[in-house]
Structure formats: C-alpha cells, structure tokens
Amino acid sequence: MSLHKHHVRQDEMVLDPAFDGGVGTIPKHRLPRGTQDARAALRFVQDELMLDGNARQNLATFVTTWMEPEAAMLIQASLEKNIIDKDEYPQSAEIERRCVNILANLWRAPEPTGGADAVGCSTTGSSEAAMLAGMALKWRWRARREAAGQDAGKPNLVMGANVQVCWEKFARYWDVEARLVPLEGATHLTAQQAAAACDENTIGVVAVLGSTFDGSYEPVAEIAAALDKLAADTGVDVPLHVDAASGGFIAPFLDPQLPWDFRLDRVKSINSSGHKYGLVYPGVGWVLWRSEDDLPKDLIFSVDYLGGSMPTFALNFSRPAAQVIAQYYVLVRYGFEGYRRIQQRSRDIARFIAAGVEKTGRFSLLSRGDELPVLAFKLGAPESYSVYDVSHELRSFGWIVPAYPMPEGMEDVDVLRVVVRNGFTFDLAEAFLADLAKSMERLAGRARASVAFHH
Ligand SMILES: *Cc1c(COP(=O)(O)O)cnc(C)c1O
C-alpha cells in the first residue's frame with residue numbers, strides 16, 4: 001500500500017508504515033477508536049517530539065536540562081510514587097523533610113528550626129511556592145488587622161515591576177492588589193522605593209534574588225533595613241519574602257558573605273526552584289518559613305501518616321515524589337563543594353560570554369554574570385536592525401536567546417538574555433560567540449545591501 005493513495009485529512013496523522021506494516025492514521029484531536037501497538041505508538045510519539053528544540057542550545061530557560069544518568073535512573077525507579085501518600089511512602093516523606101532541613105540550614109534559618117524540624121515543604125516549582133508564601137502573608141496580615149479591629153478588605157503586595165509573572169498571578173487569584181513599583185535608577189526594586197510603596201494594607205514586600213530580566217540581585221539587606229526603619233518610624237511593620245527562585249541555589253555557594261536570607265530578621269519566608277539552579281529536572285520547588293509563627297495554622301491540613309497524621313501545605317493533592325527524591329540525590333551527590341564548583345563554573349562561563357559580547361563592540365551589557373550566571377545586553381547604538389533580529393538570526397544556528405523589552409520604567413530598552421546552566425561548556429560558549437559574530441555580520445551586510453539598493 002502506498003501512502004500517496006490515501007487521502008489524509010488535516011486533523012489526522014499518518015502512522016509510520018514501517019512499524020505498523022501498513023498505513024494507519026490517528027486523529028490529532030480525538031481519542032483514537034482502536035488501540036496501537038506499543039512500539040508503533042512509541043515511535044510515533046518520539047517522532048513528534050523530535051521537533052522540539054535542542055535543550056542544550058536553549059539559552060532562554062533557567063530550568064535544568066541536564067542531569068546525570070544516575071539521577072535519571074532514580075527518577076525512573078520512583079515514577080509511581082505519589083508524594084501525598086505519606087503512609088505508603090514514608091521514606092519519600094522523610095526525604096522531603098531532610099531536603100527542607102538542608103535548605104533551612106543553607107538559608108540560615110535560626111535554630112531550632114534550622115535543625116531537624118524546619119518549617120517548609122516541597123512544591124511543583126516556585127510558582128506554587130509563591131502562592132503558598134503569598135497566602136501566609138495575606139492570612140497573617142488579616143489576622144493582625146482583625147485583632148486590632150481594623151479593616152482587612154484591601155490587601156496589597158509590594159514588588160518591583162521586574163517580578164516574575166507568578167506574583168501577578170498570586171495577586172489576581174487571591175484578590176490582592178499587585179503594587180508593582182516601576183523601575184527607576186536600577187533594573188530592579190530599590191530599598192527606598194520598596195519602603196515608600198508600603199502602607200498599613202501591605203501584606204508583604206517581595207524581594208527577588210536573581211531577577212528573571214537580567215539576573216541581578218535585588219538589595220535584600222537594604223530593603224530589610226528600609227522596612228525596619230519604616231516600622232520604627234511609623235509602626236507599619238511589613239514582612240519580607242525573598243523570591244530566590246534562582247538565587248537560592250547560587251548565593252549560598254558563590255556569595256556566602258551576602259546576607260539575603262534568614263540572617264535578616266525581617267525575612268519571613270523564602271522560595272526557590274529545585275528545578276533551576278537546584279539542578280533537578282522540572283517540577284520541584286521549595287518554600288520555607290522562618291518559624292512556625294510565620295505560617296498560619298489554618299492553612300495547614302493533615303494527611304494520614306503511619307497511623308498518625310502529618311501536616312501538609314500544598315495546592316495539589318497528588319504529585320510525583322520522583323523530583324523530590326532526585327533533589328535529595330543531587331544534594332547528597334554534590335554536597336556543598338560540588339554545588340559550589342558547578343555554580344562557579346556557570347558564573348565563569350557567563351562572564352566569559354559577557355566579555356565576548358562586549359568585544360563585538362555592538363552591545364552594552366546590563367548584567368555580566370556577576371550575580372546569577374546570566375547576562376542581559378542591549379544594542380550599544382541605534383542600528384538598522386533590532387535585538388529581535390539578532391535573536392532571530394541566532395535561531396538559524398539553533399540558539400534560543402530571547403529578546404524582550406524591560407519592564408515598566410525601562411520599557412523603551414530591549415534586551416537579549418543568555419542564561420548559563422549546568423551542562424553548558426566553554427566549548428559551547430565559544431561556538432555561541434562565533435555564531436553571534438556571524439549573525440552580526442549578516443545583519444550588518446543586509447543593512448549595507450539595503451542602503452546600496454536605495455542609492
Ligand atoms: C522562574 C521563576 C519563578 C517561577 O518559578 P517556577 O519554578 O518556574 O514556577 C518565580 N520567580 C522567579 C524570580 C523566577 O526566576
């Protein structure tokens with residue numbers, strides 16, 4: 001039978017005849033009527049996925065795209081485990097506890113919570129962690145207001161216009177005003193702006209350790225100090241949450257002297273993405289609170305656990321345990337020194353690329369890998385092409401480098417951003433810089449051709 005004799009409808013796909021011995025089609029958007037041979041189905045889905053990009057050339061994402069085969073084995077071996085089944089999988093629950101305690105220690109939670117009973121949990125990622133942390137802020141603020149006999153109807157959350165979209169989601173879903181402070185004099189929130197935006201209805205300030213726009217750290221300690229002063233001067237006492245989605249696994253290893261964490265009394269909660277610089281495949285995140293007092297009791301539910309019950313705080317009920325187990329593997333496998341080496345290497349490579357980008361003479365850098373291993377750069381002078389053209393040109397070499405405008409306050413600045421992750425090498429960095437040079441030549445050549453044509 002030949003393929004060509006069959007008319008294939010637009011909403012159907014042809015199954016590879018080499019595997020099913022004949023021509024079959026399956027509908028794209030409906031459940032197929034019959035069953036497929038397992039191998040044919042596998043090949044079919046695999047062939048579809050082939051069209052996805054090459055993760056190693058994706059310089060856009062912060063999310064882990066490479067793990068050791070041993071980690072993949074462990075994930076494979078724990079695919080059936082459901083993290084909520086604490087009764088059936090008590091050891092997975094124990095492993096989650098250990099991860100929380102390890103992070104509490106890394107983020108300098110005060111003892112005794114920095115010991116074996118830190119307050120926190122795993123999540124699907126930083127977005128779920130943001131929802132949980134945001135809820136805790138809202139609940140605590142409301143309790144304070146109600147206890148004082150004050151109106152608790154108009155909560156707001158203060159953050160820079162550069163926050164990740166999950167915070168705007170939190171605000172919308174939980175009916176909180178997102179008080180987004182436009183950028184002014186920096187690529188992120190400043191201490192003075194943060195304090196100035198707060199009032200008695202502010203449930204908290206979110207400081208970002210590692211802005212997604214350019215990888216810069218917000219000055220968490222300065223923000224904390226400004227909020228301390230605000231409290232002393234006016235009585236408006238606003239808790240600080242740190243969104244350390246990326247920085248939570250960078251700063252402890254590369255910037256140990258930088259106080260951004262529970263060393264600052266004002267920091268009440270911290271989130272981080274295990275699947276970013278935590279070095280685990282997607283989806284795992286973490287959220288920790290300074291103490292039990294910072295996590296309202298009525299947000300906690302209990303699930304059965306070895307005949308007793310165990311407290312949980314999560315949006316989902318069922319969720320894979322595999323990523324949490326993989327997180328534990330990576331923590332045990334690399335230890336402090338391993339993480340430090342890996343993150344330092346990413347930072348070195350980001351700085352190397354930054355220097356190369358600068359050497360082209362065409363760009364001006366907003367960040368150069370000195371905080372997150374990330375660099376953001378804009379065109380140094382107006383050209384006949386834009387950063388969007390550069391991004392498009394790089395795509396023809398397989399590189400995915402996003403271009404976008406900066407947030408409110410800097411919205412007239414368009415940038416390109418490169419995120420360096422574990423698995424990216426100096427060799428790849430050199431290849432990237434060579435392709436960037438070729439892209440710039442092509443764009444300049446086209447600009448010259450177009451000028452010549454018009455004359
Ligand atoms: C990635 C990111 C998030 C969202 O994290 P997910 O783990 O992808 O849900 C939140 N905040 C910041 C600063 C981020 O970089």
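Order of appearance sets the numbers: ligands from 1, and atoms from 1 within every ligand. Please read all numbers here as calculations on a predicted model, not as lab measurements.
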Query raised in the report: Considering distance alone, does some N or O of S273 sit under 3.5 Å from an N or O of ligand 1?
Result: yes

**Report entry** Sub-3.5 Å N/O-N/O distance, S126 and ligand 1
**Finding:** yes

Report summary line: ligand 1 to V208, heavy atom cutoff 4.0 Å, flagged ligand atoms 13 (C)

Query raised in the report: So, are K229 and D233 salt-bridged, with charged N and O less than 4.0 Å apart?
Result: yes

Query raised in the report: Can you find a side-chain donor-acceptor pair between T61 and N58 that sits under 3.5 Å?
Result: no

Query raised in the report: Is a side-chain donor-acceptor pair under 3.5 Å present for H188 with S216?
Result: yes

Query raised in the report: Considering only the protein, which heavy-atom contact is closest to atom 1 (C) of ligand 1, and what is its distance?
Result: K276 NZ, 1.3 Å

Query raised in the report: Can we say E168 and R172 salt-bridge, meaning some charged N sits less than 4.0 Å from an Asp/Glu carboxylate O?
Result: no

Query raised in the report: Any idea which protein heavy atom is nearest atom 13 (C) of ligand 1, and the distance to it?
Result: D243 OD2, 3.3 Å

Query raised in the report: Between E383 and R362, is there a side-chain N and carboxylate O pair less than 4.0 Å apart?
Result: yes

Show me the donor-acceptor pairs, under 3.5 Å and distance only, between side chains in residues 429-438 and residues at least two apart or in other chains.
from	atom 1	to	atom 2	distance (Å)
D435	OD1	K438	NZ	3.4
D435	OD2	W399	NE1	2.8

Query raised in the report: Does a salt bridge link E200 with R145, judged by any charged N lying under 4.0 Å from a carboxylate O?
Result: yes

Report task. Any atoms of ligand 1 less than 4.0 Å from a non-hydrogen atom of H275? List them with their elements. Result -> 6 (P), 7 (O), 8 (O)

Report task. Check if C166 has a non-hydrogen atom at a distance under 4.0 Å from any atom of ligand 1. Result -> yes

Query raised in the report: Less than 3.5 Å between some nitrogen or oxygen of E128 and one of ligand 1, yes or no?
Result: no

Report task. Could you list the atoms of ligand 1 found under 4.0 angstrom from a heavy atom of T212? Result -> 12 (C), 13 (C), 14 (C), 15 (O)

Requested in this report: Using distance alone, determine whether Q164 and ligand 1 share an N or O pair under 3.5 Å.
Outcome: no

